[in-house]
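Counting from 1, the numbers follow the sequence of the chain as shown. Keep in mind the model is a prediction, meaning the values are calculated, not measured.
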Amino acid sequence: MKLRWSKEIEDEKERLVDLVNTIFPFYIRYCRDRGYNLTSVEWNRNIKPILDSGYLKSETVRFCELELERIKEELEEKDEV
């Protein structure tokens, strides 16, 4: 997985997509490490819209798949209680 942002991309939109794909794995781990409260807020506010936007490459989603599954399970467990 390429976790390096390239400034050499000419198109601004492609550069932004590249930046989002670079930062997303770190952001997921940050939210997960901070605990349930931050993760639940960030899931609805940022993570889910980013996943639905289509900006993430399949490689990035596969790289973060385990963390995303753990977040979903944790949110479902807390909602059941």
Side-chain angles (χ1 to χ4, degrees):
M1 161 117 202
K2 179 188 142 217
L3 292 176
R4 184 173 45 101
W5 179 54
S6 176
K7 292 182 182 179
E8 298 170 4
I9 299 173
E10 295 296 324
D11 185 25
E12 284 292 321
K13 185 174 181 178
E14 284 184 42
R15 191 180 304 173
L16 180 62
V17 168
D18 191 39
L19 181 62
V20 168
N21 280 282
T22 302
I23 293 176
F24 188 73
F26 299 112
Y27 176 63
I28 292 295
R29 284 179 180 82
Y30 166 76
C31 289
R32 182 124 168 44
D33 288 342
R34 291 294 305 265
Y36 172 76
N37 290 339
L38 179 71
T39 304
S40 63
V41 170
E42 292 301 316
W43 176 261
N44 293 317
R45 186 184 298 166
N46 293 324
I47 298 171
K48 192 172 179 189
I50 290 171
L51 290 170
D52 294 340
S53 71
Y55 287 134
L56 293 178
K57 298 176 183 172
S58 61
E59 181 183 15
T60 305
V61 174
R62 275 186 278 125
F63 185 76
C64 299
E65 189 172 17
L66 184 59
E67 290 292 327
L68 292 170
E69 287 176 13
R70 288 181 180 168
I71 289 171
K72 289 178 188 177
E73 289 172 4
E74 186 176 293
L75 292 175
E76 289 173 0
E77 287 174 8
K78 296 287 183 168
D79 287 341
E80 290 176 1
V81 173

message: Using 0.5 Å steps for rounding, measure from the OG1 atom of T60 to the CG atom of D18.
response: 9.0 Å
- prompt: What residues, two or more places apart in sequence or in another chain, satisfy side chain to side chain contact (heavy atoms under 4.5 Å, CB included) together with I50?
  reply: V20, F24, L56
- prompt: Take atom CZ in R34; do more than 12 heavy atoms of anything else shown fall under 6.0 Å from it?
  reply: no
query: Roughly how far, to the nearest 0.5 Å, is CD1 of I47 from CG of D52?
result: 12.0 Å
message: Working to the nearest 0.5 angstrom, can you tell me the gap between N44 CG and T39 OG1?
response: 11.0 Å
query: Quick one: CD on E42 to OH on Y30, what's the gap to the nearest 0.5 Å?
result: 8.0 Å
query: Rounded to the nearest 0.5 Å, how far apart are NZ of K48 and OG of S53?
result: 13.0 Å
- request: Measure the spacing between CD1 of I28 and CZ of R70 and express it to the nearest 0.5 Å.
  value: 13.0 Å
- line: Nearest heavy-atom approach of K57 to N21 is N-OD1, 2.8 Å
query: Which atom names give the shortest non-hydrogen contact between W43 and P49, and what distance separates them?
result: O-CD, 4.0 Å
- prompt: Given a cutoff of under 4.5 Å between side-chain heavy atoms of I, L, V, M, F, W and Y, with clusters grown through shared members, what are the other residues clustered with V17?
  reply: Y55
- request: With sequence neighbours excluded, tell me which residues meet side chain to side chain contact (heavy atoms under 4.5 Å, CB included) with Y36.
  value: S40, E74, L75, K78, D79
